[in-house]
Amino acid sequence: MPQLTDADFERVRELVASIPEGRVATYGDIAKAAGLTNARHVGWIMREDSADLPWHRVIGSSGRPAQHIAAEQLARLRAEGILSVDGKVPLRERRHVFH
C-alpha cells in the first residue's frame, strides 16, 4: 500500500470529478496534476474510492481501458460521444488538460 495522505485522496477525487463529459484523462495526467510521483497511486486511489466519481473518464496512457472494465468503460464513454477505434480512445482528440 502506498504512503498516501487524506489530502492525496481528496485531490485525486477533485481532479477526477473535474474531468468534463466527453473528455478523458490518464492516470499519469492526474498524478502530475495532484503532485503524486506515480500514476499507480492514482489507480490505487481510484480502486479504493471512486464509486461516486466519473471513473470511466480515467484511462491508461495507451488509450485502452483495463481489460476487466473495458466493455462498461467504453460504453459509458460512447454515451458521452467518445468513440473508440479498436478499443482505444483517441487521446489526442479527447484528452482533458488540467489547469
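Remark: Leu15 CG to Lys32 NZ distance equals 13.0 Å, nearest 0.5 Å. With rounding to the nearest 0.5 Å, the separation of NE2 in His41 from CD1 in Ile30 is 14.5 Å. Of the inter-residue distances, the one linking Met46 atom CE with Arg13 atom CZ reads 9.0 Å to the nearest 0.5 angstrom.
For Asp6, the CG atom counts as loosely surrounded, since its 6.0 Å shell holds 12 or fewer non-hydrogen atoms of other residues, nucleotides or ligands.
Contact detail for Pro20 and His96: the closest heavy-atom pair is CD-ND1, 3.3 Å. Listed here is the closest heavy atom pair of Ala33 and Arg11: O-NH2, 3.7 Å. Between Gly87 and Pro65, the shortest heavy-atom contact is O-CD, 3.5 Å. Looking at every heavy atom in both residues, Phe98 comes nearest to Ser18 through CE2-OG, 3.6 Å. Residues Ala17 and Pro54 come closest through the heavy atom pair CA-CD, 4.1 Å.
Inter-residue side-chain proximity for Ile59 and Leu91 is flagged as met; some heavy-atom pair is nearer than 4.5 Å. Counting only heavy atoms from C-beta outward, the side chains of Leu36 and Val12 approach each other to under 4.5 Å. Residues Phe9 and Leu4 are in side-chain contact: their nearest non-hydrogen atoms beyond the backbone lie under 4.5 Å apart. A 4.5 Å side-chain heavy-atom check between Val24 and Asp29 finds every atom pair outside the cut-off. Side-chain contact check for Leu74 versus Val89: some heavy-atom pair is nearer than 4.5 Å. Side chains of Pro90 and Val85 form no contact here, defined as non-hydrogen atoms less than 4.5 Å apart.
Leu77 and Val16 end up in different hydrophobic clusters when Ile, Leu, Val, Met, Phe, Trp and Tyr side chains are linked at under 4.5 Å. Using a 4.5 Å cut-off between side-chain heavy atoms of Ile, Leu, Val, Met, Phe, Trp and Tyr, with links allowed through other members, Trp55 and Ile82 fall into different hydrophobic clusters. Hydrophobic clustering of Ile, Leu, Val, Met, Phe, Trp and Tyr side chains at less than 4.5 Å, counting indirect connections, keeps Ile19 apart from Leu83.
For the pair Arg23 (side chain) and Glu93 (backbone), a donor-acceptor distance under 3.5 Å is present. Side-chain atoms of Asn38 come within 3.5 Å of backbone N or O of Arg40 as a donor-acceptor pair.
Residue pairs meeting the salt bridge (Lys or Arg N to Asp or Glu O under 4.0 Å) criterion with at least one partner in residues 57-74, sequence neighbours excluded, are Arg57-Glu80, Glu72-Arg76.
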